[in-house]
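First comes the structure, then the notes that go with it.
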Amino acid sequence: MYLGFCLLFNADLQPKLLNDTGTLLNAWAPKPAGIIDNAENDPEAMNNRSSLTLNTFLRRVTVLILAFTGCLTGCKKATESDHHARLKMWVDSLDRNARKIGIPRTIASLDSVLATLGKKDIQDSIVYYKFMKVLSHRDTTMRDDALAYTDSLLGLFKSARVREENAADYSKALLLKGDDLLKQKEYYLAYRNYYNGKAFLTSLGEICECARYSSRIANISFKEENYDQAIEYWEQELKELGECKGTDFQLQFIEKQGSMRNIGIAFLRLNEPDKALVYFRQASRFIDQMAARFPREQNFIRFARIVIVRNEAEAFALKGNNALAEKLIRKCLEHDPGIEWSVDVEKESRQLLTQIYIDQKAYAKAQEQLDTLRHLPGAEGDVYQTLQASVFHGQGEYQAASQLLMAHLDTEKKQALERRVESKSHVGQLLQQIQREHEQELTAEKDARESLVLKFAILISLALSVIVYLIWRNARKNIANLRAVTKLNDEITQSNIALQDTVNALEQAEIEKEEVLKIVAHDLRNPIAAMVSGSDMLFWEQVPSDEQTMIVDAIQQSGRLAFGLIGQILQSSPDREKISKNKEDLAEIVRSCIDMLTCKGKEKKQTIYYDYEEAMVLVDREKIWRVFSNLLSNAVKFSPMGSTIQVSLRKHADTMLLSIRDSGIGIPEDLKGQIFLPSNNARRIGTAGEESFGIGLSICKQIVEAHEGKIWFESVDGAGTTFFVELPVGLGETALVPAI
């Protein structure tokens with residue numbers, strides 16, 4: 001459905017969908033059950049069918065509208081993505097075929113493509129102006145238009161947000177503007193644009209695009225015959241191109257192999273053919289490795305291979321290996337109809353071949369090449385005159401040779417004057433000036449940073465001094481406090497021992513009180529039962545009066561109430577009151593119990609290990625403390641001398657689990673079923689003769705269950721026992737739990 005909506009609102013598919021509207025509506029309106037094809041002749045059937053069809057159609061249109069509302073955003077994004085992809089594909093195709101169909105037809109085709117896209121965004125405008133700039137460079141009649149396209153392209157990047165979102169394109173616009181200024185001999189402004197473009201890219205970490213800046217400086221240095229500087233910038237360009245990602249043909253192929261080849265040509269100008277051959281071979285290997293990645297650019301790749309072969313021929317000729325040079329040049333002259341630029345290669349190749357024949361004094365072959373060269377466009381230039389003069393001189397035609405040489409000298413003189421007027425050396429000085437200005441800016445920034453660092457270091461030193469003083473002062477106080485704390489701990493330890501004895505006495509008193517209460521309650525059951533039974537027999541053989549009946553009913557009712565209260569006393573624990581829950585630290589409660597029983601454990605030389613995770617739990621602190629204290633007290637009571645008790649508190653999902661494991665006498669099988677019963681049948685003597693009443697675990701069970709928890713144990717007779725208490729982790733308001 002999503003794909004259908006996206007296609008529905010795609011401009012390319014709208015006409016087809018509109019033509020098929022009738023078919024589409026018929027498909028949406030199925031025939032009702034029981035209606036046959038010839039029902040069109042029945043008016044009543046037709047009315048029924050129309051009514052059902054309309055209802056069905058309206059329901060489906062409603063569903064369509066709802067679905068369209070949900071998918072509109074997704075369709076818009078998908079359409080924009082397809083829109084940009086199509087434009088890029090069309091521009092790439094026009095670029096490859098521009099030389100075949102001509103610049104005017106290419107521009108007309110581009111305008112037609114843009115017209116089909118509808119509303120254009122900034123990306124479309126960037127692509128348009130960049131491509132028009134390329135086309136205007138290829139057509140010498142569009143020089144003024146080329147400048148206007150550059151200004152229009154720069155005008156798209158007025159806001160900082162647009163510049164950052166389209167950093168690479170903004171940098172290219174600055175470089176193109178620099179090229180225009182360079183042609184207008186505005187050297188300082190041109191290099192400023194180059195510098196600003198590279199600085200902007202560097203600040204964003206876009207090292208790849210900086211290669212275009214290095215390439216321009218290298219080309220200008222080469223034209224100024226500053227070959228060493230040109231090599232330096234082309235090598236820098238290769239490093240920057242190494243940071244490029246993706247499959248852009250311009251950056252990944254044209255620029256890289258071009259830089260390698262240009263470095264080789266620069267070494268030729270420095271009369272170092274061996275170094276030149278290293279770079280030519282490197283470029284050739286690169287072309288072979290990358291050719292398969294760009295199947296649509298095979299035309300240019302074949303042309304690049306031919307150019308490399310011609311450069312290698314020039315290097316071998318410079319080394320004096322004319323035979324190999326001639327072989328390579330003839331390979332370049334093998335015509336390839338699939339390459340539009342082979343004419344330029346042929347012209348340069350024949351000029352080099354002519355020079356080789358002149359060096360070999362094969363003037364007839366040299367003249368043959370010059371005759372062929374004369375018919376190529378743009379061949380009769382300065383180089384052609386020099387070669388023809390050399391051939392005439394070798395053939396003894398000195399007058400013709402001298403005339404050509406004089407013409408060559410006049411041309412060279414004019415060119416020297418033009419170069420002097422252009423002040424080309426001034427361009428290099430401007431580059432150095434801009435670099436010096438940049439270095440001065442960096443120095444100023446560095447000084448500011450160093451000043452800031454110095455101030456920060458002073459503040460840090462002062463702060464450290466204060467910290468050291470405070471540490472020294474606190475250390476002195478801590479030593480005094482440590483002595484006081486040690487003394488206080490000794491006093492607290494003695495107090496804890498006394499408190500433990502008091503707690504034990506209170507526990508014993510509570511137990512005795514409960515035992516007496518249960519004994520009294522138990523002994524009262526029989527007399528009260530006798531009273532109730534006796535009241536039933538008072539008037540066994542006679543009918544009582546109303547007053548007597550009322551007295552007997554009162555006696556029986558009072559007896560039953562008393563009997564019920566006695567039953568509650570015998571069946572319940574001391575925890576008859578309601579439980580008030582509060583958010584408590586369970587780990588701290590366990591720690592309190594351990595601290596209370598530590599002295600008792602030390603008497604039996606026992607060690608208690610406590611491993612816990614902190615958690616806040618809703619419990620009645622007093623009662624849950626009694627549970628943990630009872631369990632831990634039993635572990636101490638029934639464990640032998642010198643044994644170990646393991647206490648663990650762990651969080652599991654939404655519960656806290658407490659485990660207390662001892663290595664004591666364990667619980668026999670016949671007593672396991674009576675441990676939690678409210679009786680004293682399971683009581684046993686501790687390992688040090690401690691007395692047990694057998695009702696503590698019953699109380700623990702009632703308290704834990706009142707907290708909606710669980711209590712159980714695992715035990716092996718003679719090998720120890722582990723008690724577990726599981727409580728829910730509930731973080732809420734204070735709760736009241738009904739009486740036990």
- Message: To the nearest 0.5 Å, what is the distance between CG on D169 and CD1 on I122?
- Response: 9.0 Å
- Query: How about I231 and L270: do any of their side-chain heavy atoms sit closer than 4.5 Å?
  - Reply: yes
- Message: Is the shortest side-chain heavy-atom distance between Y128 and D111 below 4.5 Å?
- Response: yes
- Message: Quick check: closest heavy atoms across K133 and L147, and the distance to 0.1 Å?
- Response: NZ-N, 4.3 Å
- Have E237 and N262 got a donor and an acceptor in their side chains that come within less than 3.5 Å? no
- Message: So, taking the atom named CD1 in I329 and the one named NZ in K331, what distance separates them when rounded to the nearest 0.5 Å?
- Response: 13.0 Å
- Message: Parallel, tilted or perpendicular, judged at 30° and 60°: which one describes the rings of F253 and F294?
- Response: perpendicular
- Would you say the side chains of S221 and Q229 form a donor-acceptor pair under 3.5 Å? yes
- Indicate the atoms forming the closest heavy-atom contact of L135 with I103, along with that distance. CD2-CD1, 4.0 Å
- Which pair of non-hydrogen atoms, one from E235 and one from I263, has the smallest distance, and what is that distance? CG-CD1, 3.6 Å
- Message: Under 4.0 Å between a side-chain nitrogen and a carboxylate oxygen: does that hold for R305 and D288?
- Response: yes
Could you give the side-chain donor-acceptor pairs of residues 308-321 under 3.5 Å, partners two or more places apart or in another chain?
residue	atom	partner	partner atom	Å
R310	NE	E348	OE1	3.1
K319	NZ	D274	OD1	3.0
N321	OD1	L324	N	3.3

- Does any donor atom in the side chain of D145 or S136 lie under 3.5 Å from an acceptor atom in the other side chain? no
- Message: Let me confirm one number: the CD1-CG distance from I107 to L94, rounded to the nearest 0.5 Å.
- Response: 10.5 Å
- Task: Verify side chain to side chain contact (heavy atoms under 4.5 Å, CB included) between Q250 and R212, making sure each step is shown before the conclusion.
- Result: CA-CA 11 Å; Q250 179 71 29; R212 303 180 189 275; 4.1 Å; yes
- Query: Is there side-chain contact between I217 and F222, with heavy atoms separated by less than 4.5 Å?
  - Reply: no
- Task: Show the numbers, then the answer: is there a side chain to side chain contact (heavy atoms under 4.5 Å, CB included) between L174 and F157?
- Result: CA-CA 10 Å; L174 289 174; F157 304 98; over 6 Å; no
- Could you list the residues that satisfy salt bridge (Lys or Arg N to Asp or Glu O under 4.0 Å) with E368, not counting sequence neighbours? none
- Query: Which heavy-atom pair separates A266 from Y227 by the least distance, and what is that distance?
  - Reply: O-CB, 4.1 Å
- Task: To the nearest 0.5 Å, tell me how far M260 CE sits from I287 CD1.
- Result: 9.0 Å
- Ring-face cation of R163 near Y170 (centre distance under 6.0 Å, axis angle within 45°): yes
- So do V162 and L156 actually touch side chain to side chain, heavy atoms under 4.5 Å? no
- Which residues satisfy the salt bridge (Lys or Arg N to Asp or Glu O under 4.0 Å) test with E297, sequence neighbours excluded? R96
- Could you check E165 against R161 for salt bridge (Lys or Arg N to Asp or Glu O under 4.0 Å), going step by step and ending with a plain yes or no? CA-CA 6 Å; E165 292 177 354; R161 181 182 61 83; 3.1 Å; yes
- Verify whether the ring centers belonging to Y357 and Y363 lie closer than 6.0 Å. no
- Task: May I ask you to decide if I356's main-chain N or O and D359's side chain share a donor-acceptor pair within less than 3.5 Å?
- Result: no
- With salt bridge (Lys or Arg N to Asp or Glu O under 4.0 Å) as the test, would you mind laying out the steps for D371 and R350 before giving the verdict? CA-CA 10 Å; D371 292 340; R350 292 192 184 280; over 6 Å; no
- Query: Judged by atom type as modelled, is there a donor-acceptor pair below 3.5 Å linking the side chain of S259 to the main-chain atoms of E255?
  - Reply: yes
- Query: Can you find a pair of side-chain heavy atoms, one from K177 and one from D151, that are under 4.5 Å apart?
  - Reply: yes
- Item | Where I207 and E240 come nearest, the two heavy atoms and their spacing | O-CB, 3.6 Å
- Message: Less than 3.5 Å apart, any donor N or O on the side chain of T247 or Q252 sitting next to an acceptor on the other?
- Response: no
- Query: Is the shortest heavy-atom distance from the side chain of T106 to the side chain of L110 under 4.5 Å?
  - Reply: no
- Query: Once the angle between the rings of Y279 and F267 is folded into 0 to 90°, is it parallel (under 30°), tilted (30 to 60°) or perpendicular (over 60°)?
  - Reply: parallel
- Note on the structure: In this structure, CG of L153 is separated from CG of L176 (nearest 0.5 Å) by 6.5 Å
- Message: Looking only at side-chain N and O atoms, does Q355 offer a donor or acceptor that is under 3.5 Å from a partner on Q351?
- Response: no
- Item | Spatial distance of atom CG (L387) from atom CD (Q367) [nearest 0.5 Å] | 10.5 Å
- Can you name the nearest heavy-atom pair linking T354 to A366, along with the distance? CG2-O, 3.7 Å
